[in-house]
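Please read all numbers here as calculations on a predicted model, not as lab measurements. Quick note: numbers below take in every heavy atom, side chains included, and nothing from hydrogens, waters or symmetry partners. Quick note on labels: first sequence line is chain A, next is B, and so on, each numbered from 1.
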2 protein chains.
Amino acid sequence: MKAAHFLMDESPKKKTLRQLDLMGFLEKSGYASVEELTTRFSVTSQTIRRDIADLAMQGRVRRHHGGVALTSPIDAQTYRQRRVERFTIKHRIARRVAELVPDGASVFLDAGSTCEAVAEALCERKELKVVTYSLRAAVILTDRTDFTIAVPGGFVKNVAGSVMGESMSEFIRRFRFDTAIIAVSGIDEDGAMGDDDQNEVSIVRTAIGQARSTLLATDSSKFYRTALVHLGNVTEVDDLVTDAKPEGALQHTLAASQVNLHIA
Amino acid sequence: MKAAHFLMDESPKKKTLRQLDLMGFLEKSGYASVEELTTRFSVTSQTIRRDIADLAMQGRVRRHHGGVALTSPIDAQTYRQRRVERFTIKHRIARRVAELVPDGASVFLDAGSTCEAVAEALCERKELKVVTYSLRAAVILTDRTDFTIAVPGGFVKNVAGSVMGESMSEFIRRFRFDTAIIAVSGIDEDGAMGDDDQNEVSIVRTAIGQARSTLLATDSSKFYRTALVHLGNVTEVDDLVTDAKPEGALQHTLAASQVNLHIA
DNA sequence: AATCATATGTTGAAAAACCGACATTTCAGC
DNA sequence: GCTGAAATGTCGGTTTTTCAACATATGATT
């Protein structure tokens, strides 16, 4: 009973997840106040402090009165390196995605960092019509292109910079897409795709329903990760763009389906 | 006592020097606590706080309980650029505007470059509720704060990064504002304010109607310029923040009204 | 169901940091 | 030397943060 315990269990607990997320946030800004973090994660200051205490124990952050900072904050070099690293993976995928989108197409674009990279890559196309609920993607596209771009209205979710509101699906339903470009938080071995936010899932499902074809863009770290909310099955998508071929069960699931696999 | 000549190694302003040094230190570590800084510079915490207050006023650092952090994780280039930007007219005006907005307020924020500068300055406030149809402003605020932010849905107007749609006014009408922060393209000598886009004017008018007070932020180049679409009269606004006192007729128009004039 | 472990929320008192007002120092210019 | 402005220090009262101890929830194991 206990032997199996430390051999197998790799599933990240909530706490660990949040701490990981917290680190990600820190790496962007270098410093974060406890207050910011409490609202960002919707937990008590005490919980944040416990997270911080853990991370500080591991020497990964520096504690301060009122917040946390990175220990070896954004050493210009590592920072650049990280950027480059992300550039290669996410941007390789993004470029591949952009190649699959014809000029003049009407596109739905999901939120999340991968989709922001896709937005950048889409700038190379011409005369696209894009609907997205990612503010950042919208800004990237308006700044660099003259595409027709639409965003739904609502409240902005801080973590992702995505828009959330009551009538999102209604808004999306007003459009038809040649392609829905989506991203997910995890894909199970049986091909179950999932995300961490119920609302986002609902939006994406609506978009898929309005689209002639669905394109899933995700890096291989998402394989075999289970996400909170079920979004659908990977066999429903028409194209899957990723950076490495999935191994094992997932590979078979895909092979047995109609999914076009693109390795960037 | 004159004996302490070994302390006299400072030539220009001590204060300025230390602040410069402090910035240098910050750029390495991204964050520094007040305590660290007191020992590093051998001065009182109060002095450090005054330095910090100065720098924060200039928008060069973010204050936190216990210390300071850089506003943005530095990229030498952007940093230099920011530094210049900080002292432009728009940013001076923006800072003044932010001072007039109390923590916790609900505000409407117009679109345009001045309002984007205001968005940056508003990051210093706390727990604001912001409704804006400027995508860029929305992104700035979501990236740097945990405010509640809402944007209306619609198509994005490329040049300005503002959102336009049928039901904009309806969306705006769902909110009440403590302050509507607006910008205009021109102000006539008789106080007539105008903008160049019929839709934007309609949105702004609606917002003003929902606001307890209206704050006009505009640089002095807008004085005596006539814009296409009439928006209202400057006497309707409660506060006018600008960079230079208007001369001539407009000055009298303002003096005869209830407008509070703030020169940044 | 009972039990245990883990994660999170709550509370109240102690500690730390803040701010304003005023005192003191420094130094340039008369 | 005297004076005034700028910079810094000191002091107290206030606000914010922290921490420890306890309570509650959730979930897995038996």
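Contact of the B:T242 side chain with the B:I263 side chain is registered, since non-hydrogen atoms from C-beta on lie closer than 4.5 Å. At least one side-chain heavy atom of A:S134 sits under 4.5 Å from a side-chain heavy atom of A:E116. Side chains of B:L55 and B:R63 form no contact here, defined as non-hydrogen atoms less than 4.5 Å apart.
Over its full length, the helix from C:dA1-D:dT30 to C:dC30-D:dG1 turns its helical axis through 30°, comparing axes from the five pairs at each end and rounding to 10°.
Straight-line distance from the CD atom of A:E35 to the C1' atom of D:dT15: 13 Å, rounded to whole Å. Here C:dC27 presents its P atom at 13 Å from CG of B:L17, a figure rounded to the nearest Å. As rounded to whole Å, 15 Å separates atom P of D:dT15 from atom CG of B:D103. With rounding to whole Å, B:H64 atom NE2 is found 15 Å from C:dC18 atom C1'. D:dT8 atom P lies 13 Å from atom CD1 of B:I52, rounded to whole Å. One atom, CG of B:D54, and another, P of C:dC19, lie 13 Å apart when rounded to the nearest Å. If you take CG of B:L22 and P of D:dT8, they are 12 Å apart, rounded to a whole angstrom. Between B:D51 atom CG and C:dC19 atom P there is a gap of 13 Å when expressed in whole angstrom units.
When the nearest nucleotides of DNA chain D are assigned to A:G66 and B:S45 by heavy-atom distance, the more 5′-ward of the two goes with B:S45.
Within the structure, the ring-ring contact (aromatic ring centres under 6.0 Å, His included) test picks out the following pairs touching residues 98-140 of chain B (sequence neighbours left out): B:F108-B:F177. Here ring-ring contact (aromatic ring centres under 6.0 Å, His included) pairs that include residues 109-128 of chain B, with residues two or more places apart or in two chains, number zero.
By the 30° and 60° cut-offs, the orientation of the rings of B:H64 relative to B:Y31 is tilted.
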Between the protein and nucleotides 19-23 of chain D, are there any N/O to N/O pairs under 3.5 Å, and if so, what are the atom names and distances?
from	atom 1	to	atom 2	distance (Å)
D:dC19	OP2	A:R63	NH1	3.4
D:dC19	OP2	A:R63	NH2	3.1
D:dA20	N6	A:Q46	NE2	2.8

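Checking the phosphate oxygens (OP1, OP2) of C:dA7, no side-chain nitrogen or oxygen of A:R18 falls inside 4.0 Å. A close approach under 4.0 Å does not occur between any side-chain nitrogen or oxygen of A:T47 and OP1 or OP2 of C:dA7.
Applying the side chain to side chain contact (heavy atoms under 4.5 Å, CB included) criterion to B:Q258, with sequence neighbours excluded, gives no partner residue. The salt bridge (charged side-chain N to carboxylate O under 4.0 Å, His left out) test applied to A:E236 returns A:R205, not counting sequence neighbours.
The side chain of A:T44 lies closest to C:dT10 when the candidates are C:dA16, C:dC18, C:dT10.
Figure legend: cation-pi geometry between B:R40 and B:F25, with NZ or CZ positioned under 6.0 Å from the six-membered ring centre and within 45° of its axis.
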